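What follows is a short report on a single structure.
In this chain, residues are counted from 1 in sequence order. Reckoned from all heavy atoms, side chains included, excluding hydrogens, waters and symmetry mates. Quantities reported herein were computed from a predicted structural model and do not represent experimental measurements.
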Amino acid sequence: MQSNKRKGFLKHLAVLGLGLGLGLGMSASHAAGEKFVLISHAPDSDSWWNTIKNSVKQAGEDFNVTVDYRNPPNGDLADMARLVEQSAARNYDGVIVSIADFSVLQKPLGLVAAKKIPFVTINSGTLTQSEQLGAVMHVGQPEYEAGKGAGEKAKAAGIKSFVCVNHYATNPSSFERCRGFAEAIGVDFKAATLDAGEDPTTIESKLSAYLRNNPKTQAVLALGPTSAHASLKALEKMGLKGKMWFATFDLSDEISKGIKDGSIQFAIDQQPYLQGYIPVAVLAIMKQDKTTDLAKVREKLINNAKFKARLAEYGLAPSYGPRHIGSGPGYVTKDNIGKVEKYAGQFR
């Protein structure tokens, strides 16, 4: 099914004249361009990052640069720190990195800065942390605000209690999602947050145990496909799927199905495609135009025909600030799922 979609998409891009390369290493025609690297904190098992892999590939093609993708296979942050150190030693033209843990990454990113290699932070971490590290900008979703927005929707639906299923508690910013939701409905976020781990079976069993011990819980908030999929299994086995209010961050085919059948109220979409594409584009424009003027960089990005075509095709909308660029939040519901699910897991 995905293969047929991809064939159709390739044909569409051929008409647009954008073309699509193969793999994260670009074709020979890009060999003379700048070389960047994106380093994430995600383990190989986290399929959510496939969208970002696709987006950096397309950004590389659109801006005639090469982009490597690096990550710690098992999600070990010490391994991630070493990858950042290696990026400094390899003298990339630019580095893109998620702030999985400020304290762990502060020293290795200092090495990148010392080499005067520009870098952009993405995904996790705060705007303040990004600036303290010396990043050009941060491209991501303000996590507390995203959680609060979801909580306000829950409050409007009469929700007064919930459990936040946190499958990556090692990432401090993940708790901001839980905190925002909790404060919106007026409960203690620490008491309502479940450190579920990353193993699906463990997540399922921990949530089941929590709900048995807290039978008055009205809602479940998952922080991504890893916890959402396992949580839905737990609810199904307990006879609660479709009966308990359920929302999640991020998208997948299974989450899309849940939105359509009503077992998921909505997904909070941080538009990950933008977290990969925009940093590559920004670093490429800075390098190729020899400018650090972010106003000029932003203007050129906004007016880039290839970028505009990508946004239109995937139904994406960045939020531009004076320095930083927001990739979300957006809310995927039954009303707009048709457009979104077409590219779920690939470009959304």
Side-chain angles (χ1 to χ4, degrees), residues 41 46 48 75 77 99-104 123-126 128-129 140-250 255 258 263-268 270 328-329 331:
H41 59 269
D46 193 341
W48 182 83
L77 294 185
I99 312 176
D101 189 309
F102 180 84
S103 61
V104 172
N123 186 256
S124 53
T126 67
T128 299
Q129 288 175 335
Q141 173 177 262
E143 303 296 3
Y144 174 82
E145 288 78 5
K148 186 176 181 182
E152 288 170 348
K153 291 180 180 294
K155 184 178 180 180
I159 299 301
K160 297 179 180 178
S161 63
F162 86 116
V163 57
C164 183
V165 186
N166 190 341
H167 68 275
Y168 58 109
T170 52
N171 189 330
S173 65
S174 67
F175 290 97
E176 290 299 284
R177 296 177 172 182
C178 303
R179 186 170 71 88
F181 192 101
E183 292 183 4
I185 66 172
V187 302
D188 177 8
F189 95 92
K190 291 183 179 179
T193 299
L194 180 66
D195 180 355
E198 295 184 7
D199 177 69
T201 302
T202 302
I203 295 170
E204 185 182 333
S205 62
K206 282 190 173 184
L207 177 58
S208 297
Y210 181 94
L211 294 176
R212 283 195 297 269
N213 293 328
N214 299 273
K216 293 184 179 181
T217 303
Q218 294 178 301
V220 174
L221 176 69
L223 298 193
T226 299
S227 51
H229 298 170
S231 296
L232 288 172
K233 283 186 179 180
L235 294 182
E236 186 171 16
K237 289 180 180 178
M238 298 178 76
L240 296 172
K241 185 177 178 181
K243 298 178 181 178
M244 178 170 282
W245 194 97
F246 188 103
T248 181
F249 280 78
D250 305 329
I255 289 171
S263 57
I264 298 177
Q265 308 304 312
F266 57 81
I268 302 110
Q270 61 177 302
Y331 297 93

Begin from the C-alpha positions of Leu221 and Ile268 and carry the test side-chain contact (heavy atoms from CB on, under 4.5 Å) through to its verdict.
CA-CA 10 Å; Leu221 176 69; Ile268 302 110; 4.2 Å; yes
Please determine whether side-chain contact (heavy atoms from CB on, under 4.5 Å) holds for the pair Glu204 and Lys237, giving the CA-CA distance in whole Å, both sets of side-chain angles, and the decisive distance to 0.1 Å.
CA-CA 10 Å; Glu204 185 182 333; Lys237 289 180 180 178; 2.6 Å; yes
Between Trp245 and Gln218, is a side-chain contact (heavy atoms from CB on, under 4.5 Å) present by the stated rule, with each step listed?
CA-CA 6 Å; Trp245 194 97; Gln218 294 178 301; 6.0 Å; no
Take Ile255 and Asp250, measure what side-chain contact (heavy atoms from CB on, under 4.5 Å) needs, and give me the verdict at the end.
CA-CA 8 Å; Ile255 289 171; Asp250 305 329; 5.5 Å; no
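Under the 4.5 Å side-chain criterion, counting only non-hydrogen atoms from C-beta, Arg177 is in contact with Gln141. No side-chain heavy atom of His229 sits less than 4.5 Å from a side-chain heavy atom of Pro200.
Aromatic ring pairs are classed by plane angle as parallel below 30°, tilted from 30° to 60° and perpendicular above 60°; the pair Phe189 and Phe175 is perpendicular. Ring-plane geometry between Tyr168 and His41 is classed as parallel, the angle between the planes falling under 30 degrees on a 0 to 90 degree scale with a further cut at 60.
In terms of heavy-atom proximity, Glu198 sits nearest to His167 at CG-O, 3.0 Å. Nearest heavy atoms, Ser161 versus Ile185: N-CD1, 4.1 Å. Scanning both residues, Ala146 and Tyr331, for their nearest heavy atoms gives O-OH, 3.6 Å. Of all heavy-atom pairs spanning Ala169 and Ser174, the tightest one is CA-OG, 4.1 Å. For Ile99 against Thr126, the heavy-atom pair with the smallest separation is CD1-O, 4.3 Å. Minimum heavy-atom separation, Ala228 to Phe246: O-CZ, 3.9 Å.
Under the 3.5 Å distance criterion, the side-chain polar atoms of Asn214 are left unmatched by any main-chain donor or acceptor of Thr217. Counting only distance, with no hydrogens or angles, the side chain of Glu176 and the backbone of Ser173 share no donor-acceptor pair below 3.5 Å. Remark: side-chain polar atoms of Lys206 are paired, donor with acceptor, to backbone N or O of Asp195 under 3.5 angstrom.
Counting only N and O atoms by type, the side chains of Thr193 and Asn166 include no donor and acceptor under 3.5 Å apart.
For the atom pair Tyr144 OH and Phe181 CZ, the distance stands at 12.5 Å (nearest 0.5 Å). Summarising the geometry, atom CG belonging to Leu232 is positioned 11.5 Å from atom CG belonging to Leu240; distances are rounded to the nearest 0.5 Å. Atoms CZ and SG, from Arg179 and Cys164 in turn, are 12.5 Å apart once rounded to the nearest 0.5 Å. Distance check, rounded to the nearest 0.5 Å: NZ of Lys233 to CG of Leu207 gives 13.5 Å. Within the model, atoms CZ of Phe102 and OG1 of Thr128 stand 9.5 Å from one another, a figure rounded to the nearest 0.5 Å.
Under 4.0 Å is where a charged nitrogen must lie from a carboxylate oxygen, and between Glu152 and Lys155 no such pair does.
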